[in-house]
Protein chains: 2
Amino acid sequence: MSADEQPPYDVYNRNCPARMVFTRLADKWSLLIIRRLKTDAVRFNQLRRDLDGVSAKMLTQTLRNLERDGLIQRQIFATVPVTVEYSLTGLGQTLADTIDELALWAENHIETVLESQQQFDQEQG
Amino acid sequence: MSADEQPPYDVYNRNCPARMVFTRLADKWSLLIIRRLKTDAVRFNQLRRDLDGVSAKMLTQTLRNLERDGLIQRQIFATVPVTVEYSLTGLGQTLADTIDELALWAENHIETVLESQQQFDQEQG
DNA sequence: CGGGATCCGTTCCGATACTG
DNA sequence: CAGTATCGGAACGGATCCCG
């Protein structure tokens, strides 16, 4: 493709930074976990209770992914039984700020969204 | 559960506004579509070309969901063959601003994330 | 051009059982 | 307490064919 033919948004290819990050966050629990860890460190089972509906398997899997990306950190305390605490890294905190704005948007506009859904569903019959 | 026993974040139940919105956005294409439509209205096949790897099926499906939520609108022009343009609604534009910040975060921190991934993978062997 | 319908493989995810 | 292992259904997503 020549220079003057490339689309205005070639950033949308698979190697685009935004796309890579969006892909990581685009699962059922990542955004919720980051948001939950924003205020304080939380233990595994506490996190599990706080996030309504998450299974141990998915929680572990999602936490590992976030740890791999350097967004959260895992601290092990040699108690009996063992204690494991998850918390945001410095990097994770900067992302949490942005995600919080997304949550704020949600709270401010959820009513409008819900109404739109109802209207859409009626029109379709 | 009594009032003084409820977790600090009961907002994480399934009916929490943030969670509902996160769930909608947590798929492979929604965030990318909203971001692409931020600058201008785009036709179906153009959108398909811009978003590297999307199939017609998933594009249609995701666009319908976003339309149902009132985030984008669909305009049909009676040309031959027919022309269909997608664009953000007013509501969608307010969300697009927040998503843009997420994309900006990604661009600023993707290097750090990539390095963290490499280190994590090495440590695991 | 902008889809819908169908088929089909893959991945996601929850439930259950088990472990140090 | 903090996981791992396994299983099976559900949802995701691509390929192909068809249509106004």
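Just so it is clear: chains get the letters A, B, ... in the order the sequence lines come, proteins before strands, and each one is counted from 1. Quick caveat: nothing in here was measured; it's all calculated off a predicted structure.
Taking atom CZ on A:Arg49 and atom P on D:dG3, their separation rounds to 14 Å, with Å as the unit. For the pair B:Asn65 CG and C:dG3 C1', the computed distance is 16 Å after rounding to whole Å. Atom CG in A:Leu59 sits about 11 Å away from atom P in D:dT4, given to the nearest Å. When rounded to the nearest whole Å, the span between CZ of B:Arg48 and P of C:dG3 equals 11 Å. We find that CZ of B:Arg64 is positioned 10 Å from C1' of C:dG4, with the value rounded to whole Å. Spacing between atom CG of B:Asn45 and atom C1' of C:dG4 amounts to 14 Å, rounded to whole angstrom units. Taking atom CD1 of A:Ile76 as the reference point, atom C1' of D:dG3 lies 11 Å away to the nearest angstrom. In this entry the distance linking CZ of B:Arg74 with C1' of C:dG3 reads 8 Å, nearest Å.
Residue B:Tyr86 places at least one side-chain N or O closer than 4.0 Å to OP1 or OP2 of C:dG3. For D:dG3, the OP1/OP2 oxygens have no side-chain nitrogen or oxygen of A:Arg43 closer than 4.0 Å.
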One character per nucleotide, please: for nucleotides 9-15 of chain C, 5' to 3', B when the base has a protein heavy atom closer than 4.0 Å, S when only the sugar-phosphate does, - otherwise. ----BBB

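With salt bridges taken as basic N to acidic carboxylate O contacts below 4.0 Å, one links B:Arg35 and B:Glu107. No salt bridge links A:Asp52 with A:Arg48; every basic N to acidic carboxylate O contact stays at or beyond 4.0 Å.
Between A:Ala56 and A:Val82, the one whose closest nucleotide on DNA chain D sits nearer the 5' end is A:Val82.
Here the shortest heavy-atom pairing between A:Thr98 and B:Leu102 reads CG2-CD1, 3.5 Å. The minimum heavy-atom distance between A:Ile76 and A:Val82, with the atom names listed, is CG2-CG2, 3.6 Å.
Applying the salt bridge (Lys or Arg N to Asp or Glu O under 4.0 Å) rule to pairs touching residues 23-33 of chain A yields A:Arg24-A:Asp69, sequence neighbours excluded.
Looking only at atom types and distance, the side chain of B:Gln119 has a donor-acceptor partner in the side chain of B:Glu123 under 3.5 Å away. Between A:Arg49 and A:Gln46, the side chains place a donor N or O and an acceptor N or O closer than 3.5 Å (distance only, hydrogens not considered).
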